[in-house]
Amino acid sequence: MGSLNPAACDRMGPDGRLIEGNGGVDAGTMSTLAIVPCVLSDADWLTPDHHVRLLAAASVTTGIARLLAEDPGTAILHGLAARMCATLDHVTRPS
């Protein structure tokens with residue numbers, strides 16, 4: 001990721017909230033993460049458990065970057081970031 005600064009590559013409202021964009025995540029990273037579900041169907045050597053883990057990891061990685069860029073205060077105060085990190089920690093553990 002090049003930057004998590006939404007002002008650098010997204011359209012922001014006067015209150016600093018994201019109106020349009022990827023929450024500061026560069027297009028290359030978003031493209032890479034977005035292709036994971038499409039590519040997994042070709043990875044027949046992976047178990048269904050590994051497919052689910054890879055999907056979850058890509059989803060959480062994309063989601064937490066946007067969440068922290070768009071509204072870090074709420075994400076931290078309400079435990080959203082902690083829950084997403086716990087999910088990422090769980091799906092990346094060896095079977």
Side-chain angles (χ1 to χ4, degrees):
M1 282 187 235
S3 167
L4 284 180
N5 180 5
C9 56
D10 297 330
R11 191 163 62 93
M12 306 297 289
D15 60 352
R17 298 270 182 173
L18 180 73
I19 294 173
E20 180 181 41
N22 292 324
V25 180
D26 62 76
T29 301
M30 290 300 287
S31 176
T32 300
L33 292 170
I35 197 71
V36 170
C38 301
V39 175
L40 280 178
S41 62
D42 290 336
D44 56 356
W45 64 89
L46 295 174
T47 66
D49 181 60
H50 289 127
H51 281 227
V52 170
R53 288 173 181 265
L54 286 169
L55 284 171
S59 176
V60 169
T61 303
T62 306
I64 200 164
R66 289 193 64 134
L67 181 67
L68 290 173
E70 291 174 12
D71 194 1
T74 301
I76 294 167
L77 290 175
H78 295 284
L80 301 174
R83 284 195 301 264
M84 291 179 89
C85 287
T87 302
L88 189 58
D89 182 51
H90 178 76
V91 301
T92 56
R93 287 185 194 147
S95 303

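Heavy atoms only: backbone and side chains are in, while hydrogens, waters and symmetry mates are out.
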Item to check | side-chain contact (heavy atoms from CB on, under 4.5 Å) against L46, all qualifying residues, sequence neighbours excluded | outcome: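 Counting only residues at least two positions away or on another chain, L46 forms a side-chain contact (heavy atoms from CB on, under 4.5 Å) with L40, A43, H50, H51, L54.
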Next on the checklist: For D42, give me all partners under salt bridge (charged side-chain N to carboxylate O under 4.0 Å, His left out), at least two apart in sequence or on another chain.
Outcome noted: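 With sequence neighbours excluded, D42 shows a salt bridge (charged side-chain N to carboxylate O under 4.0 Å, His left out) to no residue whatsoever.
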Next on the checklist: Are W45 and L55 linked, directly or through intermediate hydrophobic residues, by side-chain heavy-atom contacts shorter than 4.5 Å (ILVMFWY only)?
Outcome noted: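 Yes, L55 and W45 fall within the same hydrophobic cluster.
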Checklist entry - Do side-chain atoms of R53 reach the backbone of H90 as a donor and acceptor pair under 3.5 angstrom? => result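 Flag set: sc R53 to bb H90 pair under 3.5 Å.
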Checklist entry - Closest heavy-atom contact between I64 and A81? => result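 Shortest heavy-atom contact: CD1-O, 3.8 Å.
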Checklist entry - Given the rule in the side chain to side chain contact (heavy atoms under 4.5 Å, CB included) test, do L88 and T61 qualify, once you have shown the distances and angles that lead to the verdict? => result CA-CA 8 Å; L88 189 58; T61 303; 4.1 Å; yes
